[in-house]
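Read through the structure below, which is laid out as structure tokens, and then see the notes.
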There are 2 protein chains.
Amino acid sequence: MRNMIVASTSTIHGSGYLQYLLEDLLTVFKEENITDLLFIPFARPGGISHDAYTQKVHQVLQPHGISVTGLHTVEDKEDALLQATAIFTGGGNTFQLVKALHDIELMASLRKVIFNGTFYMGTSAGSNICGLNMRTTNDMPIVEPVTFKTTGALGYNINPHYLDPIKGSTHMGETREQRIKEFHFYNAIPVIGLREGSYIRVKNDQEILHGPHTARVFLKDQEPLEVKTGYNFAQLV
Amino acid sequence: MRNMIVASTSTIHGSGYLQYLLEDLLTVFKEENITDLLFIPFARPGGISHDAYTQKVHQVLQPHGISVTGLHTVEDKEDALLQATAIFTGGGNTFQLVKALHDIELMASLRKVIFNGTFYMGTSAGSNICGLNMRTTNDMPIVEPVTFKTTGALGYNINPHYLDPIKGSTHMGETREQRIKEFHFYNAIPVIGLREGSYIRVKNDQEILHGPHTARVFLKDQEPLEVKTGYNFAQLV
């Protein structure tokens, strides 16, 4: 029994923090009677403080009657996860987030509460940790986690902020598709390239693509697929 | 006593493998009486075989009288490093390269021979391992090395394929400069953003920028500097 929103990004170009997602999110909060959200700020985008990051979420959700608590303010963090009705992990640097969660030994608890049905939302790095490992993050390895393993709440990996090759680019760095192909040289796990504005709504055994874009599905030794809104990723595993 | 070429890339847009660097490289080979090159193919760009990657280097250098041996073909790899007069590590995936070098316990030997004056050339991932650690690579963490530590042949880190922000981009992923700023939130090591076409020529205590571009120098808690061809990076540490 899982109940999740796994989003490519928190923010789309030209729009405020979480705004593109807000209507869908509030609908889910209403359906699920969610009024309290435990926020995991450890990915720290731009190195901002845990307080400042939590405040950013609070400013968006508090006017809609949602109370936001930062996990960093709680003494017994494992208990806070176990007691929460809803958890949101924000984006930033995936290496930093995964290091922090392993250092305080919360990755297993997070997996447990997700499978027990606690509502979980992730954006970007917070979505990377829904996969089997963080080997398809786009982030720079600025810190060194003890392991790249993540929650395995999904049976595949996410590549958030999925980016199509830029036409006419003269830069010799690998495209995103080339990087994921190299991942599949060493790994057999499916990878979902989730474009900014897309999210996966997980409810029990359904894992449905939402948002205006198609998603790109990468399977080892196969040509990538483009799948439309409404596609159920659960069929991949 | 070090003798190195640390290049941003093997290939610039519109030009063949190593072509932009070839004239300078052959001049150095002549000056240093280098006729044999030990090639480290472990970064495996695009997952190609070690043989195919070594062949690619052979095709460029053999016509100029340089004999190329792939390290993968040698039984006693540590001895091969110790006996080599010149070593070249090609680009590809830095996580894969660093994992391979640590798995067969060659990182320390590589450091040793570089400081003993064996000529070393790196491109891209092969340049990342010249720094103190691989925390400023652009690559996807497709495999998990036992540690991110590298040779420390340079007293700073390289960011190869350095890319300026793309004007008018609507993509919400971090720019390269933002990523390096986040690195400096957790690390104090200087970082050299080396644009494609640039290389650092290290000879004893001189570490000089070559090529047509300026380089961008990132120091913790300071505004980045743009430095010109001829700049000596040794003054940074």
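These figures come from a predicted structure and were not determined experimentally. In the text below, chain A, chain B and the rest are named by the order of the sequence lines, each starting its count at 1.
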Given the options [options], which has more heavy-atom pairs under 4.5 Å with chain A than any of the others?
options                     : answer
B:P141, B:P45, B:P145, B:S8 : B:P141
B:H161, B:M140, B:R195      : B:M140
B:I12, B:L163, B:N133       : B:L163

Anything in residues 174-188 of chain A with a heavy-atom distance to chain B below 4.5 Å? Please list those residues in order.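 Those residues of residues 174-188 of chain A which have a heavy atom under 4.5 Å from chain B are A:E174, A:R176, A:R179, A:I180, A:E182, A:F183, A:F185, A:Y186, A:N187.
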
By number, which residues in residues 88-95 of chain A have some heavy atom less than 4.5 Å away from chain B?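 A:G92, A:N93, A:F95, listed by number.
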
Report which part of [X] has an atom under 4.5 Å of a heavy atom belonging to chain B: side chain, backbone, both, or neither.
X      : result
A:V146 : backbone
A:N159 : side chain
A:T11  : both
A:I166 : side chain

List the atom of [X], the atom of [Y], and the distance in Å for their closest heavy-atom pair.
X      : Y      : result
B:P41  : B:L71  : CD-N, 4.2 Å
A:T136 : A:I158 : OG1-O, 2.9 Å
A:L132 : A:T150 : C-OG1, 3.2 Å
B:A125 : B:L97  : O-CD2, 3.5 Å
B:A52  : B:I48  : C-CD1, 4.3 Å

For chain B, the option from A:S169, A:S124, A:G46 that forms the most heavy-atom pairs under 4.5 Å: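 When all of A:S169, A:S124, A:G46 are compared, A:G46 has the most.
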
With a 6.0 Å cut-off (strictly less than), is the heavy-atom count around NZ of B:K220, excluding the residue itself, greater than 12?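 It does: B:K220 NZ has more than 12 such atoms within range.
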
Please name the residue in the list B:H64, B:Q59, B:H58 that meets the side-chain contact (heavy atoms from CB on, under 4.5 Å) test with B:Q62.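 For B:Q62, the side-chain contact (heavy atoms from CB on, under 4.5 Å) check succeeds only for B:H58.
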
Heavy-atom side-chain contact between B:I5 and B:Y120 under 4.5 Å: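 Of all side-chain heavy-atom pairs linking B:Y120 with B:I5, none is under 4.5 Å.
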
Any side-chain heavy-atom pair from A:I200 and A:I208 closer than 4.5 angstrom?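 Heavy-atom side-chain distance check fails, nothing below 4.5 Å.
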
Under 4.5 Å from any heavy atom of chain A - which part of B:T137: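 Both parts, heavy atoms under 4.5 Å.
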
Under 4.5 Å from a heavy atom of chain A, the part of B:T147 involved: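 For B:T147, heavy atoms of backbone and side chain both lie under 4.5 Å from chain A.
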
Tell me whether the centres of the aromatic rings in [X] and [Y] are closer together than 6.0 Å.
X      : Y      : value
B:F218 : B:Y162 : yes
B:F42  : B:H50  : yes
B:F39  : B:Y53  : yes

Among B:Y231, B:F233, B:Y199, find the residue that satisfies the ring pair (Phe, Tyr, Trp, His ring centres under 6.0 Å) test when tested with B:H210.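 Testing B:H210 for a ring pair (Phe, Tyr, Trp, His ring centres under 6.0 Å) against B:Y231, B:F233, B:Y199 leaves exactly one candidate, B:Y199.
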
Has A:T151 got a side-chain atom pairing as donor or acceptor with A:I129's backbone, closer than 3.5 angstrom?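 Pair found, side chain donor or acceptor close to backbone of A:I129.
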
